[in-house]
S.K.: 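One structure is given below, represented as structure tokens, and several questions about it will come after.
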Amino acid sequence: MVGSLWTGISGLSTQQSALDNESHNIANVNTIGYKSSRISFADQMYQDAIGKGSKVLDAEKVFSQGNMKSTGVSYDVALEGSGFFAVKYPNATGSSEEFYTRAGNFRMGDSGTLQDANSYDVIGWGISPLDPEQDVTTTNGNILNFTNDYSKIAANQIIQKDGMIETITGKFTDYQSTATSDDDSVMSGLGYKTMSSKINDVEALITDYQSKLAEYANDPEANSSPSIAQKSSVTLPGAAISNLTDESDQVSVYIDGKKISVNYIETTATTYGITATVDHNGDGVTDTTDDDILASKIMTYRALADEISETTGLTAYMADTSFDKTEGDITTVAAAFETDPILVIEALVPGEEFILGDSSEYIASSKTVIPGTNSIVTASVEGAGFGAVESAREALIKAGSGYQRDVWSSTDLPAAAGTFTLTDPDNSTMQYSVTAGGTTVDDYVAAINADADISEFVTAFNYNGNLVIETKSTNPGGTFVGSIAESGTTYNKNTEMSVNSGADAEFLEMVNKLNQTAAKDSLQLRLDNLGISDSAFGEFNVDSTGLITMTQDGAEFAVGQLSIAMFNNERGLTSEGNNLMGKTNDSGEAIYNENNDKAAAVASQTLELSTADLSESLVNLMVFQRAFEANSKSITTSDQILTTLIQLKK
């Protein structure tokens, strides 16, 4: 009888455990990410083939998928499939202890890290610290992160390759407000651009750069090769006796099927101060009339170059036979104009081909068309991979930031030999000076270009009789302070003239790198703490792989990736409370996969609901209650029999 009493007691104990467990499930029916548990019963040892009751073998978690609830809250995330979010809690020793949870009701903590509801930091792969030398391209060395001034997105692409996720983001300051038209008195025939054409060029190059980045993102392992911009030349019909004499006469060229033309422009030689060496009107005498004809011819062809430069993505200039764009001095190219004027047309978009059609002079009086000759100087080559990206970026910066151009007219120069001084505005101690050998524009050009220190930063040339000093093509967006002085007198540049070849905007691009093979740690979300922006916050989002992005002012930055922990035996995890689980020897160590490609998918703006089933739990309560009552009945029955036996013995 005593054995049956103990058997009944064991039944009471196990059923009480079952009731406790089911009550716990019911209590957590609304707990985010909760996994219901169940009791595994086992019969106890046997004696003479008679069992001695029951025991609780295990109270195990059932890791079934919970229902998903869309919340619309950006920081809410859920797991669909096997795996756990990893979190860490700093302990008293200064190290941290790692826990695991299915509850994805996260938030940004005071320090800017991603945290769970317990204020534990969520663990994942974060981005590497920015290296200004390697990761930042800027036209202003004083600005290394995005500010409100950088309002125009030029590029924004997330690229995944070889365990690395890169975000390439480029922005301009407002090029639409900084762009100005070139001064035609200085720049006519030398890639002259109006404000609108500069803006159109920048936007065409932005489109090209974004396209190249997208292609690179689709195949980051593609062979790298640079793109090359097309350059073509047109040798316009020249003659000892000029064909162009009347304002109804016309010069034209077809580009991509579109006719670009200008009518003959009549002017006088005093505009340029040139002297013709050819009898242009055929009267047997080379005189001022021939000088005027040559000047008109030059003016007309430069106007044609300016019209071509108004075409989006193209620039054109009149050149001498060496195709040297900087040889803008009218006296240098006059000889070429007298016989065969050369027009050079360049594509601003590298790798983009343009079709050069017929070129000609049209003589209205005789209705005669005199053809020119076209040739390709440099063929268009479409690059691939990262090389094409670099070519597109370089062209974009040249158009958007441009080159600083300081212009002095010949009348601005000192009467005696003067000294040109160049100063870096970002470093006033860096200052170089050179003295011209004479008083002419060409004297200054020769002295500046011959000085090794100064010519590292700028180049000088004579254009239309003006001294033009321009930042080097290797440094678009670079700035300098130049001055010319004689006996302590400084001659400043003429501010009415063009000061920038492009849209005069600042450019900043940064590359943020997320290494999925690096150590895992807390995930920092504040963009100012990450060195990306001077403004802290953005819009949080996470994709199905756990990649976290923050979007600010239209630009999306990959700032981290959740690390989804997997276990060989997830039922071996121990429940720690607060929706947390800890690893044990039975569970083994957490296993992480690159890009989480073997773990659960991550659902954004969603929470996983509890797997506790209220209806099932209520039924189980009744079953366990009846079992408890039945076990208690077996005890009372055994007690009654034992009492009867004792009485019989008496």
Side-chain angles (χ1 to χ4, degrees), residues 132-133 136-144 178 180 182-183 186-187 190-191 322 324-329 331-332 394 397-398 400-508:
E133 297 295 325
V136 179
T137 301
T138 179
T139 57
N140 184 342
N142 294 319
I143 307 296
L144 297 177
T178 57
T180 57
D182 291 331
D183 189 307
V186 176
M187 304 313 301
L190 188 65
S322 68
D324 188 348
K325 186 175 180 178
T326 64
E327 292 292 341
D329 184 3
T331 60
T332 303
E394 181 182 349
I397 296 174
K398 286 180 179 179
S401 296
Y403 310 125
Q404 178 183 339
R405 286 172 173 162
D406 283 5
V407 181
W408 286 264
S409 70
S410 59
T411 57
D412 289 331
L413 299 177
T419 299
F420 172 77
T421 301
L422 178 135
T423 305
D424 183 347
D426 299 326
N427 181 9
S428 60
T429 62
M430 195 208 80
Q431 189 175 84
Y432 303 108
S433 298
V434 63
T435 300
T439 61
T440 69
V441 169
D442 289 335
D443 291 329
Y444 282 90
V445 169
I448 291 168
N449 290 337
D451 186 277
D453 292 324
I454 294 177
S455 62
E456 180 181 349
F457 301 98
V458 299
T459 185
F461 56 93
N462 181 329
Y463 199 78
N464 282 355
N466 300 299
L467 172 61
V468 181
I469 301 176
E470 180 179 271
T471 51
K472 285 277 193 177
S473 60
T474 54
N475 185 29
T479 59
F480 65 91
V481 176
S483 62
I484 297 176
E486 175 207 350
S487 302
T489 302
T490 299
Y491 296 80
N492 293 319
K493 66 183 180 182
N494 186 336
T495 56
E496 295 179 357
M497 303 221 180
S498 172
V499 295
N500 193 279
S501 63
D504 201 15
E506 298 287 2
F507 178 80
L508 175 65

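Everything quoted here is computed from the prediction, not taken from an experiment.
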S.K.: When rounded to the nearest 0.5 angstrom, what distance separates OG1 in T435 from CD1 in I484?
M.R.: 11.5 Å
S.K.: Under a 3.5 Å cutoff, is there a donor and acceptor pairing between the side chains of E506 and T139?
M.R.: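 Judged by distance alone, the side chains do pair up.
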S.K.: Got a donor-acceptor contact below 3.5 angstrom from the Y444 side chain to the A460 backbone?
M.R.: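 Such a contact is absent between Y444 side chain and A460 backbone.
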S.K.: Which pair of heavy atoms, one from A505 and one from S401, lies closest together, and at what distance?
M.R.: O-OG, 2.7 Å
S.K.: Indicate yes or no: at least one non-hydrogen side-chain atom of N500 is less than 4.5 angstrom from one of T180.
M.R.: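 Contact flag for N500/T180 side chains = no.
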S.K.: I need the single residue from T459, V458, I454 that forms a side-chain contact (heavy atoms from CB on, under 4.5 Å) with N449. Which is it?
M.R.: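 That would be T459; it is the only one of T459, V458, I454 passing the side-chain contact (heavy atoms from CB on, under 4.5 Å) with N449.
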S.K.: Going by the rule side chain to side chain contact (heavy atoms under 4.5 Å, CB included), which residues pair with S455 if we only count those two or more places apart in sequence or in a different chain?
M.R.: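 Scan of S455 (side chain to side chain contact (heavy atoms under 4.5 Å, CB included), adjacent residues dropped) gives none.
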S.K.: Between D443 and L413, is there a side-chain heavy-atom distance shorter than 4.5 Å?
M.R.: no
S.K.: Could you tell me which non-hydrogen atom of A436 sits nearest to which non-hydrogen atom of A417, and how far apart they are?
M.R.: O-CB, 3.5 Å
S.K.: List the steps, then state whether side-chain contact (heavy atoms from CB on, under 4.5 Å) holds for T138 with L144.
M.R.: CA-CA 7 Å; T138 179; L144 297 177; 4.3 Å; yes
S.K.: Applying side-chain contact (heavy atoms from CB on, under 4.5 Å), run through N466 and V441 and close with a yes or a no.
M.R.: CA-CA 7 Å; N466 300 299; V441 169; over 6 Å; no
S.K.: Nearest 0.5 Å, please: how far is CZ in F420 from OG in S433?
M.R.: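 Between atom OG of S433 and atom CZ of F420 there are 8.5 Å.
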S.K.: Looking only at heavy atoms, what is the nearest atom pair of A415 and E486, with distance?
M.R.: N-OE1, 3.5 Å
S.K.: Is the closest side-chain heavy-atom distance between V445 and L467 below 4.5 Å?
M.R.: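 Counting from C-beta outward, V445 and L467 do come under 4.5 Å.
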S.K.: Going by distance alone, is a donor N or O of one side chain under 3.5 Å from an acceptor N or O of the other, for T423 and Q431?
M.R.: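 Yes - a donor-acceptor pair under 3.5 Å links their side chains.
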S.K.: Measure up the F457 and Y432 rings against each other and bin them: parallel (under 30°), tilted (30 to 60°), perpendicular (over 60°).
M.R.: parallel
S.K.: With side-chain contact (heavy atoms from CB on, under 4.5 Å) as the criterion, how do K472 and Y403 come out once you've worked through the C-alpha distance, each side chain's angles and the decisive distance to 0.1 Å?
M.R.: CA-CA 7 Å; K472 285 277 193 177; Y403 310 125; over 6 Å; no
S.K.: Run I469 and F480 through side-chain contact (heavy atoms from CB on, under 4.5 Å) and show every step you take.
M.R.: CA-CA 10 Å; I469 301 176; F480 65 91; 3.8 Å; yes
S.K.: Taking the side chain as every heavy atom from C-beta outward, state whether V434 and I448 have any pair of such atoms under 4.5 Å apart.
M.R.: yes
S.K.: Taking only residues two or more places apart in sequence, or in another chain, which ones meet F507 in a ring pair (Phe, Tyr, Trp, His ring centres under 6.0 Å)?
M.R.: F172
